[in-house]
Amino acid sequence: MYSYRAYGLVVYSPFPLPELITSCEVDADVIIQLQKLEHSPLKTNSAAHCFQLTSEGMYLYWQGVGTFLIQDGKRIIIDPVPEADEDRLRLFILGAAIGVLLHQRGYLVLHASAVTIHDNGVAFIGDKGWGKSTMVAALHARGHSLIGDDVIAVDLNNSNQVLVIPAFPQLKLWPDAVAGLGGNPEELPRLVSHLEKRDRRITHGFTEKTIPLQQIYVLGIDANVEIQPLQPQKILTYLFRNSYITRFGNELLQPNGASHFLKLTKLANLVSISRLLRPSSLQLLPNVCQLVEQHLERQISTANFV
């Protein structure tokens with residue numbers, strides 16, 4: 001078994017997960033195993049991808065990949081199809097499967113990307129393709145440490161502070177974003193062979209500490225670079241839409257949907273949430289990053305003064 005660290009957890013895997021940080025710890029929090037799932041309720045489903053919550057745990061299926069069973073926030077069992085390669089398996093393990101597992105462990109899981117700025121966590125949420133990973137990559141290039149990309153775990157157990165848990169040192173970027181940041185996309189491997197998105201491993205500037213979450217920006221496209229306040233009802237709508245578990249419909253909200261909404265409300269009350277508007281042009285990324293940095297500096301100065 002290979003031993004790794006991610007989201008503050010020790011993960012045992014039967015095959016390499018090079019995106020994660022190697023660990024020497026003996027006791028595993030999460031075990032990944034390969035096993036036939038003969039009694040999967042999804043075996044008779046003909047859809048390309050499907051899922052079902054059962055008393056055993058959460059079953060997930062993707063055509064060309066296989067069936068996953070996530071149990072008790074501690075175990076990911078995989079029954080791969082014969083043609084599945086390890087790149088595709090890793091993509092789903094470190095995406096949907098880990099998102100479900102973190103939810104089972106009681107975290108609020110956001111479809112977001114996050115960095116540290118002045119020792120505070122800053123997360124970006126928004127619709128698919130609106131630049132969450134690109135924003136974080138641009139800020140990382142300016143010296144800010146990566147917390148995670150795509151699946152972000154938020155700890156709301158503290159009564160008056162929200163914490164964000166470090167994920168693992170990887171960015172997933174489209175070729176135009178790589179080029180816009182001064183890199184050559186041809187020098188980076190694809191996440192999987194049929195997808196143009198590139199796998200950028202971070203060798204420095206990754207935080208392994210749990211960080212207070214100071215700010216969430218909801219990304220949007222506009223002609224101007226601007227940060228705007230949001231109305232409370234809009235904030236909850238955006239948070240719900242960008243909760244990782246909503247991609248599974250109501251499956252993971254049952255039977256404790258009220259608990260999820262309470263977590264969203266607590267997050268909205270304790271963390272500053274603003275709208276970050278900017279044109280789609282990658283040439284303006286430095287201006288957007290500078291605006292974010294200045295906005296955070298003002299917030300921290302105001303908090304210290306109070």
Side-chain angles (χ1 to χ4, degrees), residues 7 49-53 58 60 62 70 91-92 94-115 121-137 147-156 162-165 167 171-174 177 197 213-222 226-280 288 292 295:
Y7 298 99
H49 57 86
C50 51
F51 46 85
Q52 187 171 330
L53 182 64
M58 184 70 170
L60 309 173
W62 291 274
I70 300 95
L91 187 66
F92 286 95
L94 301 178
I98 201 73
V100 171
L101 182 134
L102 291 166
H103 172 77
Q104 291 177 344
R105 294 185 76 92
Y107 292 114
L108 174 62
V109 186
L110 296 177
H111 186 206
S113 299
V115 293
V122 180
F124 298 88
I125 62 176
D127 292 342
K128 186 177 181 180
W130 278 27
K132 297 181 291 293
S133 300
T134 304
M135 275 302 308
V136 163
I147 295 174
D149 184 23
D150 195 43
V151 181
I152 296 297
V154 176
D155 184 351
L156 289 154
V162 178
L163 301 174
V164 60
I165 312 300
L171 286 164
K172 294 179 278 188
L173 299 169
W174 292 106
K197 213 166 196 180
L213 182 60
Q214 170 74 24
Q215 174 73 46
I216 296 175
Y217 292 107
V218 181
L219 296 178
I221 303 297
D222 194 77
E226 186 179 2
I227 293 174
Q228 296 178 346
L230 281 168
Q231 296 297 320
Q233 62 271 26
K234 286 278 191 181
I235 288 174
L236 286 173
T237 299
Y238 282 124
L239 290 178
F240 181 78
R241 186 191 302 171
N242 290 278
S243 300
Y244 203 83
I245 62 169
T246 58
R247 62 180 52 203
F248 303 107
N250 292 323
E251 283 284 317
L252 283 177
L253 290 177
Q254 303 299 330
N256 297 312
S259 172
H260 182 67
F261 280 101
L262 285 173
K263 288 179 181 178
L264 295 180
T265 303
K266 184 174 181 180
L267 179 62
N269 288 334
L270 292 177
V271 173
S272 173
I273 302 174
S274 308
R275 186 84 159 143
L276 174 58
L277 300 171
R278 75 273 184 265
S280 56
V288 182
V292 167
H295 185 241

- Query: For Phe124, what residues pass the ring-ring contact (aromatic ring centres under 6.0 Å, His included) criterion, not counting sequence neighbours?
  - Reply: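 ring-ring contact (aromatic ring centres under 6.0 Å, His included) check on Phe124 returns Tyr217.
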- Item | Those residues that, when tested against Trp130, pass ring-ring contact (aromatic ring centres under 6.0 Å, His included) (two or more places apart) |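 Counting only residues at least two positions away or on another chain, Trp130 forms no ring-ring contact (aromatic ring centres under 6.0 Å, His included).
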Counting C-beta onward and ignoring hydrogens, is there a side-chain heavy-atom pair between [X] and [Y] closer than 4.5 Å?
X: Tyr238; Y: Leu230; value: yes
X: His295; Y: Gln215; value: yes
X: Val271; Y: Val154; value: no
X: Leu108; Y: His260; value: yes
X: Leu173; Y: Asp149; value: no
X: Leu60; Y: Phe92; value: no
X: Val115; Y: Met135; value: no
X: Ile273; Y: Val218; value: yes

Exercise: identify the closest heavy-atom pair between [X] and [Y]:
X: Ala177; Y: Thr134; value: CB-OG1, 3.5 Å
X: Ile125; Y: Ala112; value: CG2-CB, 3.6 Å
X: Leu156; Y: Val162; value: CD2-CG2, 3.6 Å
X: Leu171; Y: Ser133; value: CD2-O, 4.2 Å
X: Ile227; Y: Ser274; value: CG2-CB, 3.8 Å

Measuring from [X]:[atom1] to [Y]:[atom2], what's the distance to the nearest 0.5 Å?
X: Leu91; Y: Lys197; atom1: CG; atom2: NZ; value: 9.0 Å
X: Ile221; Y: Leu276; atom1: CD1; atom2: CG; value: 9.5 Å
X: Leu102; Y: Ile245; atom1: CG; atom2: CD1; value: 12.0 Å

Donor-acceptor pair, distance only, cut-off 3.5 Å: does the side chain of [X] make one with the backbone of [Y]?
X: Thr237; Y: Gln233; answer: yes
X: Tyr244; Y: Ala96; answer: yes
X: Lys263; Y: Gly106; answer: yes

- Val100/Phe51 under side-chain contact (heavy atoms from CB on, under 4.5 Å): CA gap, chis, key distance, verdict: CA-CA 11 Å; Val100 171; Phe51 46 85; over 6 Å; no
- Query: Taking only residues at least two apart or on different chains, which pairs with a member in residues 101-111 satisfy side chain to side chain donor-acceptor pair (under 3.5 Å)?
  - Reply: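 The answer is His111-Asp150.
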- Message: Set out, in order, the CA-CA distance, both residues' side-chain angles and the distance that settles side-chain contact (heavy atoms from CB on, under 4.5 Å) for Leu219 and Arg278, then state yes or no.
- Response: CA-CA 8 Å; Leu219 296 178; Arg278 75 273 184 265; 3.9 Å; yes
